[in-house]
Amino acid sequence: MAWQTIQKPVHNPFQRPTEAHQPVAAQPPPALADYAATRATFHWDQARAALHGLPDGGLNIAFEALDAHLDTDRADQLALRWLGRDGQVRDFSYRQLAALASRFAHLLQRLGVAPGERVFSLLGRVPELYVTALGTLKAGRVFSPLFSAFGPEPVRARMEIGDARVLVTTESYYRRKVAPWRAELPGLAHVLLIDRDGDTAPDGTLSLAELLADCPDTGGLTATRPDDMALLHFTSGTTGRPKGAVHVHEAVVVHRLTARYALDLHPGDVFWCTADPGWVTGTSYGIIAPLVIGASLIVDEAELDPTRWLGILQDQQVTVWYTAPTAIRMLMKLATRDERGIFADYDLSRLRFLASVGEPLNPEGVVWGRDVLGLPFHDNWWQTETGGIMIANYRSAPIKPGSMGRPLPGVEAAIVRHTAGAVEVITAPNNAGELALRPGWPSMFRGYLNEPERYRKCFVDGWYLTGDLAQCDADGYFWFLGRADDMIKSSGHLIGPFEVESALMEHPAVAEAAAIGIPEPTAGEIVKALVALKPGFAWDEALQRALLAHARKRLGPAVAPRVIDVRDNLPKTRSGKIMRRLLRARELGLPEGDTSTLESDER
Ligand code: AMP
């Protein structure tokens, strides 16, 4: 591969630890020392000023992440260590990663990809993914990551909506998930394979390694403006197809600030974000934020495996760890708060800060972290549309287990009630309502690609409505209560019921389908589908298995329902909308709530 020859050995700053376990590592001073004082005087211009920037007010995420370090003593420090599934290790210094990103940026120019056009990746956590992301941003083209566990349907929908011009992937993913429908996406001009074998490669593909080897390893930077589109992150809706949230280069202001304030990242930290870059957390905090700060980023190719993870935390001497409740719940199965079990065999003394995001973190998880890992987890909250962390528990402030924390300095959050066109802010503490944010933070999404109406509907009366239900206590801490809509959160992944239902409806036996989230102890929720059959089809185990297989093949394991059951009829409103909420309440034996709009019922 091209970059095996480009790569030079990197000084390894890590040694295997020999000391006995110490509960808490030495801490640098907190990046956010006084929440109230900082919040009182904060202005976004201060956060902007902390970035390097480009001449004439330009700003480029990849420049901030890589090139800005090149004239400092960080240039030859470890930027990214990749741990392969089978034990391989590859190290990239800031200088090497900057050079690879330059090659990729030149490649896009040579291929005739215009500024603002979309470069998609469909890759596992391999080095090429990181080079694609950073090279695309450096070139001023738009990076859009796809989760590799998506099946052909979610991949196709997102590439169509995003108007993909380039795809970087593997031969196997290409053959299974893209080749069958590629002819219907004529705008997709280039498919670059990271493992292309000249003898057997599919038609219409190019070898990424060969092309990169031929490109210069300096330059390639496009002097983007803060408002130029940089990232396209897909998120699901309860109705309609997925939405492509548009993010601009200025988002890096929030990436940097939150890396400091919410994750307490300092230059030289060894940082591990376990989220996959196929989702927004894995890009904002699994690529951009730690590099901007000058930390060393750990990337693990393998899937979640608790003992492997403990080995990584120990051997890589991770200092700051950002993970998710599903993973924490899996680790919690290995040890109780009183009995450290397998954890006693690992030296985790370098860990100094733990954070969690993506789904509700139970108070037990926070306390378990403190007792077993020596540190509590700091829960924080954000979503694809916000582009970065908005609400957090900070290192210097008391944690309230079960709370998402308080708004970032510069962010105004409120609990609101809204009726047609008007928002009422609920100021009395501990009242439930919808979580809303005052627009204006730099990483706010700037649109849903080509869907201005859907975007407009997110803003009412000067507030951005998040779709989450929450409440705020007298100390200003926010507490998550649930979604205000029918979205499903499974293993931290936001899944839109509509996408699941559409795939099921393609099956000849299915007349109607509804997808709902059902609580599950480890994943938080799993997807359950309820279907009504067309005349002439009878429900039996064979049909159930066939439907499960159909859904898995179309949607991939990350989105497909885990359980499918049958109903004679699904409850609908007078306008014909399936009442997923009612179905869910019935499944869980909860009160059915308001059924006044019910037109036809399942029973
Ligand atoms: P996504 O856009 O895929 O990142 O999903 C965002 C959604 O995940 C939020 O709107 C919440 O519903 C949920 N979420 C994120 N962080 C938290 C958290 N700390 N606690 C509870 N739910 C969360």
Side-chain angles (χ1 to χ4, degrees), residues 104 107-124 126 128-129 132-133 135-136 139 141-212 229 232-234 236 240-244 246 278 448-451 496 498-508 510 549-560:
F104 194 90
L107 174 58
L108 293 180
Q109 282 156 17
R110 285 188 185 180
L111 292 173
V113 181
E117 288 188 329
R118 263 75 69 190
V119 175
F120 276 69
S121 66
L122 177 59
L123 292 167
V126 292
E128 290 85 344
L129 170 57
T132 300
T136 301
R141 279 60 175 169
V142 177
F143 176 61
S144 189
L146 294 171
F147 189 41
S148 60
F150 280 154
E153 270 316 304
V155 168
R156 176 185 177 148
R158 285 160 180 77
M159 286 180 66
E160 275 175 7
I161 295 165
D163 205 1
R165 183 106 160 101
V166 179
L167 173 68
V168 182
T169 187
T170 65
E171 179 169 337
S172 154
Y173 288 150
Y174 176 71
R175 285 189 190 281
R176 287 187 285 133
K177 304 183 184 191
V178 180
W181 53 264
R182 179 176 177 183
E184 292 156 51
L185 194 63
L188 179 62
H190 310 286
V191 174
L192 311 178
L193 301 184
I194 65 166
D195 56 353
R196 189 171 191 276
D197 178 341
D199 296 334
T200 56
D203 290 343
T205 60
L206 298 166
S207 159
L208 176 66
E210 281 172 23
L211 293 168
L212 283 183
M229 185 169 166
L232 183 66
H233 280 298
F234 283 89
S236 302
R241 304 176 88 201
K243 306 171 271 192
V246 171
Y448 289 128
L449 192 70
N450 300 328
E451 294 191 274
F498 182 80
E499 204 164 12
V500 177
E501 292 157 5
S502 304
L504 286 169
M505 296 288 288
E506 285 171 15
H507 193 279
V510 175
H550 164 85
R552 208 177 151 87
K553 185 157 172 256
R554 307 294 291 164
L555 297 168
V559 183

Y448 meets the ring-ring contact (aromatic ring centres under 6.0 Å, His included) criterion, sequence neighbours left out, with F445
Please tell me if the side chains of T170 and L123 come closer than 4.5 Å, counting only heavy atoms from C-beta onward. yes
For P186, all residues meeting side-chain contact (heavy atoms from CB on, under 4.5 Å), sequence neighbours excluded: none
In terms of heavy-atom contacts, G151 and P154 come closest through O-CD, 3.2 Å
Go through the steps to decide whether L212 and L107 satisfy the test side chain to side chain contact (heavy atoms under 4.5 Å, CB included), and finish with yes or no. CA-CA 7 Å; L212 283 183; L107 174 58; 4.0 Å; yes
Donor-acceptor contact present, side-chain S121 to main-chain L129, <3.5 Å: no
Pairwise side-chain contact, I194 with V168, heavy-atom cut-off 4.5 Å (strictly under): yes
With rounding to the nearest 0.5 angstrom, report the CE to CG distance, M159 to L185. 6.0 Å
What pair of heavy atoms forms the shortest contact from F234 to G162, and how long is it? CZ-N, 3.9 Å
Does anything in residues 155-167 form a side chain to side chain donor-acceptor pair (under 3.5 Å)? List the pairs, not counting sequence neighbours. E117-R165, R156-E160, R156-E184, R158-E499, E160-R241
Considering only heavy atoms from C-beta outward, does the side chain of S236 approach that of F498 to under 4.5 Å? no
Distance-only criterion, 3.5 Å: show the donor-acceptor pairs between side-chain atoms of residues 201-209 and protein atoms not counting sequence neighbours.
unit_1, atom_1, unit_2, atom_2, d
T205, OG1, R196, NE, 2.8
T205, OG1, P202, O, 2.7
S207, OG, E210, N, 3.1

Counting distance only, does the side-chain N/O of K177 pair as donor-acceptor with the main-chain N or O of S148 below 3.5 Å? yes
Between M229 and L449, is there a side-chain heavy-atom distance shorter than 4.5 Å? yes
Just grab all the ring-ring contact (aromatic ring centres under 6.0 Å, His included) pairs involving residues 148-205, residues at least two apart or on different chains. F147-F150, F150-W279
salt_bridge(E451, K243) N-O dist < 4.0 Å: no
Going by heavy atoms in the side chains, are V559 and E153 under 4.5 Å from each other? no
Who pairs with A551 by side-chain contact (heavy atoms from CB on, under 4.5 Å), at least two apart in sequence or on another chain? L504, L555, A560, P561
What class does the angle between the rings of H507 and H550 fall in, given that below 30° is parallel, 30 to 60° is tilted and above 60° is perpendicular? perpendicular
Minimum side-chain heavy-atom gap L193-T169 below 4.5 Å: yes
Do H233 and S144 come close enough that some side-chain heavy atom pair is under 4.5 Å? no
In Å, rounded to the nearest 0.5 Å, how long is the span from CG of L211 to CZ of F104? 10.0 Å
Run the salt bridge (charged side-chain N to carboxylate O under 4.0 Å, His left out) test against R176 and tell me which residues pass, sequence neighbours left out. none
Among residues at least two apart in sequence or on other chains, which ones pass salt bridge (charged side-chain N to carboxylate O under 4.0 Å, His left out) with R110? D214
